[in-house]
2 protein chains.
Amino acid sequence: MAKKISSRPISLSTQPESVTLIDVAKVAGVAPMTVSRALNRPELVRSDTQKKVLDAVRATGYVPNMLAGGLASSKSRLVAILLPTIANSIFAETVQALVDKLTEAGYQTLLGLTAYSTAREEALVEAILGRRPDGIVLAGTSHTKATVERLTKARIPVVEIWDLTNKPIDTVIGFSHEEVGKQVARHLLDKGYRRFGIVSVDDPRGLRRGKSLIAELRKQGIADTAFKILPAPATLQVGREGAALLFDEARPEVIVCSSDTLAQGVLAEAASRKLSVPRDVAVMGFGDLSTAAHVYPSLSTVRVDGTTIGMKAADALLSRFGASPSSMDMPARIDTGFSIIDRESA
Amino acid sequence: MAKKISSRPISLSTQPESVTLIDVAKVAGVAPMTVSRALNRPELVRSDTQKKVLDAVRATGYVPNMLAGGLASSKSRLVAILLPTIANSIFAETVQALVDKLTEAGYQTLLGLTAYSTAREEALVEAILGRRPDGIVLAGTSHTKATVERLTKARIPVVEIWDLTNKPIDTVIGFSHEEVGKQVARHLLDKGYRRFGIVSVDDPRGLRRGKSLIAELRKQGIADTAFKILPAPATLQVGREGAALLFDEARPEVIVCSSDTLAQGVLAEAASRKLSVPRDVAVMGFGDLSTAAHVYPSLSTVRVDGTTIGMKAADALLSRFGASPSSMDMPARIDTGFSIIDRESA
DNA sequence: CTGTTAGCGCCTTCAA
DNA sequence: TTGAAGGCGCTAACAG
C-alpha cells in the first residue's frame, strides 16, 4: 500500500524529531498544503478545516520552519538593521521604534554593528544578504562602492537613515548634518557668543556637523575654533576629558558637543571647576529627546526625533513589501529635520 | 546530450536571476558540491581547485543562500537575543559585546524586544524558533511556562543573562538582584543612613532589588521606606519626578535608584532644590560602567559589568556550538557579581 | 580529493 | 476549497 517507505526513521532516540507540516497534516487528516494554507492564508480555507488544522498544530507543538518557507517562497520576513554601535547610542530610540513596528507587522530583525567602519559594513552586508532579507536599513549614507553595488543588485528595499543625500541607494530618511552645524553656528552667534569650542567623538556625522559649524563661523569672521576629537564611544567621561582640554587651552564661551552624553560630561567638568552654566560657559548638546530635555535647564541641545526616523523607516519598508515590484522604483527622500532647543531662554 | 533540460528559464527580463552554487560550479568547471566545500570547508579541497572556485565566485558575484544552507544542514549560524528594551538601556553594553563576539565567529544576531512582558517574550520565542537559531540569549530568568517548554524542546543552547536562578533552563550568567538589595542596605546602614527612599521603574529586576533592600532594612529595624515605582523607560526625567515625590513627602537621607540614569535625574532634581549631594541627600545608582563612574563624584552606584556578561554569554554559546551533542548537557551557572562603588569616600 | 544522489520542509503551480 | 507534484539552493552521506 505504501507508495513510499517513510524516509524518516522511527526514532528510538530521546531526541524528538522536529515536527513538520507533514506531521501536522497527518494529525489533522488533511494534505500538507492545506496546513500551509490554513496557517498563511486562512481566508482560502474553510473554517472547519481551519479549526482541525489549528488543533493539530497545538497538539503537535508545530513551529513552522521559516528557513524552508523562505527558501520556497523567496520571502524571508526578515529585515536587517546596520548601525555603528548600540552602546550609549543616539540610535537606540530609532532601533526601538523600528523593531517594534516591524515585529508587529510580522517581520524579524537582524542586527549588525559596524563600529563606524565601512569595511565592516561591507562584510556585514554581504553576510546578511545571504539570509535574503526582505529589506535593509543602514545608518548613514556613506558606504563602500562594493556595498552599494551589492545592495543595488539585491533588489530589495534599502533605507538609509540619520542622514540625507541627493544620491540615495533607494530611500533615505534623516536630516542634513551640514545644516545642523550651520544653524547651530548662527544661533549661537545671534546670542552673542564669539569664542567657540567643539567636543566630538570620532564619528563621521558628528565630524561633519563640527566642520560645518566651523565653516559657518569662518564666514562670519571667526577663525579659530578649538575642535577636540576623541575616540568613540561617546561617554560622560569622554565629554569631561574634552571639556578639560578646552578649559585648559581655549577658555571658550560656548562648547558644542557631538552628543548629549558628551554634553553632560562637559557639564560635570564645568561643575567641578565651579564654572556656572551658561553664565561662565554655555553648553550645546545633540540628540536629546528622552535624555537631556527638561532636566538640565542650563543645557541647550539640537533635538532629533529618533523615534520618528525609526517609524518612518518601518513605514517605508512595509509599504514596499506590500507593493508590486514595479512600484519598487518609487523611493523617497524624507527630511525629518531637527530643532534647536535653548534651555537658557526657556 | 542534455540529461535534463535546464529548469531555469533563460531570463529575458531585466531582473537578474540570482546566482546559485550551480552557476558558480559551471563557471569553475567543477561540481556544485565542490563549490560548497571550497567555501565552507576549504581544508578538504585542493588549493588549485579552491582558487578556481573563488575566482568563479568573484566573477559571478555569488552570495550563498543561507536559507538553503541552513535547511540542508540544520545549522543556521544565527543567534537570537531577547531583551526588554534597548532604549536607554542597561543592556546596551551586553548586546554590543555579544554581537561583536558572535559576528566575529561568523554568527548573525536576531534581536527581539520584549518590553518587560513575558507574554510578548513568549510570542517572540515562538516566532524566532521558526528560524531555527543555533542558540538563544534571554534577559532574565522569569518566563512563561510555554516559553520554557518551547525552549527546552528546541534543544539548542539557551543562555539566560543578567540574573541568577537555581533552576536555569540551561546556562545562566548574571548576579543575584536580591543580593544587590541586601548589600546596598547594609552598606548604607553602615554609613549611618536611616531614612531611605527608593526610585525604581517598573522593571521586574529593579523591583526585586528594591524589595530586597526594604526587607533587609526591616530586619535592621527600619520599617518605613518610601518606594516610588514609575513606568519604564528609565529616563532622566523619570528620575527627577521620582526624586521630587520623595523630597516632597519623605525627605530621605539617601535615595536608591534602579538605574544610573534615574540617579542622574535625581541629582538634577536635588540641584534644582539647592540640595547638596551627598551632604543633604545621598544618591545611589545602579548599572554604571561607562556612564556614571568617575563623572559624578557625589554619586554612589552598584557596578555591574555588562560587557563581561555579554562576552561570557558569547563564549558559552560558541563553546557549545563546537561541542558534541552529549556535552550539551553541561550547562553553567556563572555569578558575575557586582560591586558597590562609593564616590563619597573615594 | 571530487562527484553523485537524495533529500532538508515548505510553497508555487496546476489540477480536481 | 483542497490535493499532488515538483523544486527552491544547499549539504550529508556515500561512492569513486
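What's counted below: heavy atoms across the whole structure, side chains too, no hydrogens, waters or symmetry copies. Chain naming here is simple, since letters A, B, ... match the order of the sequence lines and numbering starts at 1 in each.
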Asker: On DNA chain C, nearest-nucleotide positions of B:Gly29 versus A:Gly69: which is more 5'?
Answerer: B:Gly29
Asker: Measure the distance from CE on A:Met33 to P on D:dG7 and round it to the nearest whole Å.
Answerer: 17 Å
Asker: Tell me which residues in residues 122-132 of chain B put a heavy atom below 4.0 Å from DNA chain C, sorted by number, or none.
Answerer: none
Asker: Any pair with a residue in residues 96-130 of chain B that passes ring pair (Phe, Tyr, Trp, His ring centres under 6.0 Å), sequence neighbours left out, goes on the list, sorted by first then second residue, please.
Answerer: B:Tyr107-B:Phe321
Asker: Using the side chain to side chain donor-acceptor pair (under 3.5 Å) criterion, which residues pair with B:Arg120? Sequence neighbours excluded.
Answerer: none
Asker: Please state how far atom CG in A:Asp23 lies from atom C1' in C:dG9, giving the value in whole angstrom units.
Answerer: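 Taking atom C1' of C:dG9 as the reference, CG of A:Asp23 is at 11 Å.
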Asker: Partners of B:Val57 by side chain to side chain contact (heavy atoms under 4.5 Å, CB included), sequence neighbours excluded?
Answerer: B:Val24, B:Leu39, B:Val53, B:Tyr62
Asker: Taking the side chain of A:Asn65 as heavy atoms from C-beta outward, which of C:dG3, C:dG9, D:dG9 is closest to it?
Answerer: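 Comparing C:dG3, C:dG9, D:dG9 against the side chain of A:Asn65, the answer is C:dG9.
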Asker: Residues two or more places apart in sequence or in another chain: which of them pass salt bridge (charged side-chain N to carboxylate O under 4.0 Å, His left out) with A:Glu126?
Answerer: A:Arg150
Asker: Counting only heavy atoms from other residues, nucleotides and ligands, does the tally under 6.0 Å from CG of A:Leu44 exceed 12?
Answerer: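 Yes, CG of A:Leu44 has more than 12 neighbouring heavy atoms, counting only those of other groups under 6.0 Å.
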Asker: Run the salt bridge (charged side-chain N to carboxylate O under 4.0 Å, His left out) test against A:Asp163 and tell me which residues pass, sequence neighbours left out.
Answerer: A:Arg208
Asker: Please check the phosphate of D:dT11 (OP1 and OP2 only) for any side-chain N or O of B:Ser36 closer than 4.0 Å.
Answerer: yes
Asker: Return whichever of B:Val30 or A:Ala68 has its heavy-atom-nearest nucleotide of DNA chain C closer to the 5' end.
Answerer: B:Val30
Asker: Tell me the interatomic distance from B:Arg37, atom CZ, to D:dC14, atom C1', rounded to whole angstroms.
Answerer: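 In whole Å, D:dC14 C1' and B:Arg37 CZ are 10 Å from each other.
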Asker: Identify, residue by residue, the members of residues 38-64 of chain B with a heavy atom below 4.0 Å from DNA chain D, and return them in order of residue number, or none.
Answerer: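 Result for residues 38-64 of chain B: B:Asn40, B:Tyr62, B:Pro64, sorted by number.
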Asker: Applying side chain to side chain contact (heavy atoms under 4.5 Å, CB included), can you list everything that pairs with A:Thr165, at least two apart in sequence or on another chain?
Answerer: A:Thr141, A:Lys167, A:Pro168, A:Val172
Asker: Taking only Lys NZ, Arg NE, NH1 and NH2, and the carboxylate oxygens of Asp or Glu, determine whether A:Asp55 and A:Lys51 approach each other closer than 4.0 Å.
Answerer: yes
Asker: Within residues 70-80 of chain B, find the residues that approach DNA chain C with a heavy atom at under 4.0 Å, and present them sorted by residue number.
Answerer: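 Result for residues 70-80 of chain B: B:Leu71, B:Ala72, sorted by number.
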Asker: Just jot down the side chain to side chain contact (heavy atoms under 4.5 Å, CB included) partners of B:Ser73, sequence neighbours excluded, or say none.
Answerer: B:Lys75
Asker: Listed by chain and number, what are the side chain to side chain contact (heavy atoms under 4.5 Å, CB included) partners of A:Ala146, not counting sequence neighbours?
Answerer: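 For A:Ala146, the residues satisfying side chain to side chain contact (heavy atoms under 4.5 Å, CB included) (neighbours in sequence not counted) are A:Glu122, A:Thr144.
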Asker: Checking A:Asp315 now: which residues fulfil salt bridge (charged side-chain N to carboxylate O under 4.0 Å, His left out) with it, not counting sequence neighbours?
Answerer: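 So A:Asp315 forms a salt bridge (charged side-chain N to carboxylate O under 4.0 Å, His left out) with A:Lys101.
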Asker: Nearest-Å distance, CG (B:Leu67) to C1' (C:dC10)?
Answerer: 12 Å
Asker: From CD1 of B:Ile22 over to C1' of D:dC10, roughly how many Å is that when rounded to an integer?
Answerer: 9 Å
